[in-house]
Amino acid sequence: MLKVKNLTKKYDKVLAVNKVSFEIGSGEIGVLIGPNGAGKSTTIKSIAGLLRFDGEITIDGKPNKSIEAKRVFGYVPETPALYDSLSVWDHLEFIARAYDLQDWNDTAEKLLARFDMDDKKNKVGKDLSKGMQQKVSICCALLIKPRMIMFDEPMIGLDPKAIKELKEIFFELKDSGCAVLISTHILDSIADVWDKALIMNKGEIVFNSTRDDMALNGESLEHVFFSKTEGEGEAG
Amino acid sequence: MSPLLFIMRKTLKNRTKEVLKKPVLLIGYLFIAVFVISMLIVSFVMPSGLIRRGSNDLYTGIVTIVFIFMYYTTLKLGIEKGSTYFRLSDVNLTFTAPIKPNHILLYGFIKQLGGTLIFLFVALCQIPNLKNNFDMKHYGAWMILLATVFYALSYPLISMVMYSWAAKKSGRKKILKRALDVMALLIAGVVLISLFSTRNVVVTIGNVFNNPIARYFPVIGWTSSIANASVNGFTTEFWVGLLGMVFLILGTIIGLYRAILDYYEDVLEGTEFFEAARKAKREGKNLTFGLKVRDSVKQKLSGTGASALFFKHLLELRKTAYVLFFDRSSVSVIIAAIMFRLAMPKGVQEVSLSMVLFFALYMLLLLQMQGRLGTELEKHYIFLIPASPYQKLFFATLAEHTKNLIDGIFLFALSGILFKAQLVNVVSCIIAYTLSGAVYTYSDILTRRLFGRIHSKGLLLFVKVLVNILIIIPGGVASAIVLLITENEFFMICALAGWSFVLAVTLFMFSAGILNNLETVN
């Protein structure tokens, strides 16, 4: 579903991402992990079509910046930013219009209820806490019923109930055949949800493996993470 | 376009509803509306050139200098950070949606039309002053507003194109910035050479900026020529400027609209930067936002209890200032105040220093409105320090007073030499400037204490300016009366200083209570 081939991104003279390639299949949950400055956000922003890059990114077989690709992917950014004067419901209505969704009201109501936002439908963006803004941002991305979805540090600012709901949603998305890519640097938050782990360090993918393969080799994600990001000496 | 029009329609509707629901907000906006309408009426109805009739060349020069400064600063920032019509919410929700980038650009441009209102307001406030000093045509005010609109619409477009070009290859940013700097240096060089031969600032400004190259120079010359129609009438340069700007704006938009657009990255950095700037402004930190912090400054912190705040502020000031406390606000106040005096008629030589003082206080009012203490009040530390609120307030503002004192010494020593003033007048101006700075600082805190719960920071800022103007007026009136009676500038400045001292102490006593409770600030 998501194919990234030789993705390279340079800011002036700084090489932020260097020839990164990976794939996330339908019904697969991939996690993109790495220390601060590893190039995760640049990778995510490139996939979301916000940056120019060298290489090739396709979503459902279409170039990621095409209108067709945009119709099928959702994006939850690291920093939720809502329109100050638009209510929670207005945001959902905007998304429904922008993606030309039909019969979306029911889905929107259910999503808001899951995140305890159903009583805040009329609150405007600037009156929401950061956590609430994050919930609206997630609802907007889910409303389109995406075939591929990206979450950039999705747990930050969420309350325990919302984190629990979100984890359930990850599994529901997987069951529905959606490809999910989660970027984070908090390993504990995604410990039990991932199928494929992609570890980035210094702009490169330094590890790419599935949960099954790692289980066969007796590797733990935390151990591999530290061995790959803190130098071979510690890998032991 | 339909989803994008939905955002604009809903935003307008919800904002109107919000204002109607909150009486304080409604009163505030009604007050601003009355103020703006009054300004509009005054600007358009008042006769021109009653106080004096400055030459059209001087007017042209001033207008051109203002536009050079505005284009230079905004384009330089645009090259560095990109320019943007968008908010982060647009990036997150519209850039990733299946909407054509061309439509999104058009939506951004329509939004920018709303953004020009603030520029129009600033321009509107300058019109009465210009009408008092120059012989403007009856349609002059319209021309100033028209030029302002063209400026506000063109600079983001030009920045976007320049940034887009510069971002494609490393080194191009430097080339563009150097080109702008070279142009600025060339202009400064020509002004200095002319000044050397004429030894007259007014004549120099007229000579340098009122020649065909300046009048027809793309963008800056065109914009200035539109504004200059307010005194020169509809000359050829006006029509060239008008057509030039129309073609530039339309051409750039059509070019961008028709091109296969990939501008998201170009506006992303700018959007993030301006979002951070907006946040800093809301938190009262816009005076220090974006300043380079010099790591090389090494200074040990000292002081205990409340006085630790003072030494911390000294260190912060030293890290962001050019030399000692000399930062961009010092430079702005000093240059603007001296330039103001130089542009005034020669017949008022005996009150030269007080003219510099009054204009410097006007500038300080605008610059200090979002002072450093605002940053301190946004954090919890000052509230937790185990000391009395009076001690904390005194030490938390002492660095600001010290800075004002040093700026004052620079400004009035320089003015004293330039205008051959007496030493007692120089000293009294320094004291009056420092004390008036204290009035601004403490009235800012008191306004926060009284109106801190107003959610609109813009409205709060407006209230602060108004409060300051109202409390400083009696001092101004008293000093004018003293001047009439004594005919001595020294006594006039002393009257202002005396009033400022009384005000500063009173405001200090009433505002210290703000440090008892964080809730009164936020």
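Note that the structure is a prediction, hence the values are computed from the model and not measured. Convention: sequence-line order gives letters A, B, ...; per-chain numbering from 1.
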Interchain contact, [X] with chain B, by part (heavy-atom threshold 4.5 Å):
| X | value |
| --- | --- |
| K45(A) | side chain |
| E68(A) | neither |
| I144(A) | neither |

With a 6.0 Å cut-off (strictly less than), is the heavy-atom count around [atom1] of [X], excluding the residue itself, greater than 12?
| X | atom1 | value |
| --- | --- | --- |
| K62(A) | NZ | yes |
| D175(A) | CG | yes |
| K120(A) | NZ | yes |
| K100(B) | NZ | no |

Note: vs chain A, highest number of non-hydrogen pairs under 4.5 angstrom among V91(B), L93(B), T94(B) is L93(B)

Measure the [atom1]-[atom2] distance between [X] and [Y] for me, rounded to the nearest 0.5 Å.
| X | Y | atom1 | atom2 | value |
| --- | --- | --- | --- | --- |
| N14(B) | K126(A) | CG | NZ | 10.0 Å |
| F6(B) | L86(A) | CZ | CG | 6.0 Å |
| I47(A) | T96(B) | CD1 | OG1 | 13.5 Å |
| I7(B) | F94(A) | CD1 | CZ | 3.5 Å |
| S85(A) | E18(B) | OG | CD | 6.0 Å |
| Y264(B) | K65(A) | OH | NZ | 9.5 Å |

In plain terms, say whether R87(B) and D84(A) are close enough for a salt bridge, that is, a side-chain N and a carboxylate O under 4.0 Å apart.
yes

Between Y83(A) and D90(B), does any side-chain donor sit less than 3.5 Å from a side-chain acceptor?
yes

Which residue pairs pass the side chain to side chain donor-acceptor pair (under 3.5 Å) test with at least one member in residues 128-145 of chain A, sequence neighbours excluded?
K135(A)-D159(A)

Are any side-chain N or O atoms of D100(A) and backbone N or O atoms of P98(B), one a donor and one an acceptor, separated by less than 3.5 Å?
no

Looking only at heavy atoms, the pair that brings L50(A) and F95(B) closest together is CD2-CB, 3.6 Å

When you compare the side chain of K70(A) with that of I99(B), does any pair of heavy atoms fall below 4.5 Å?
no

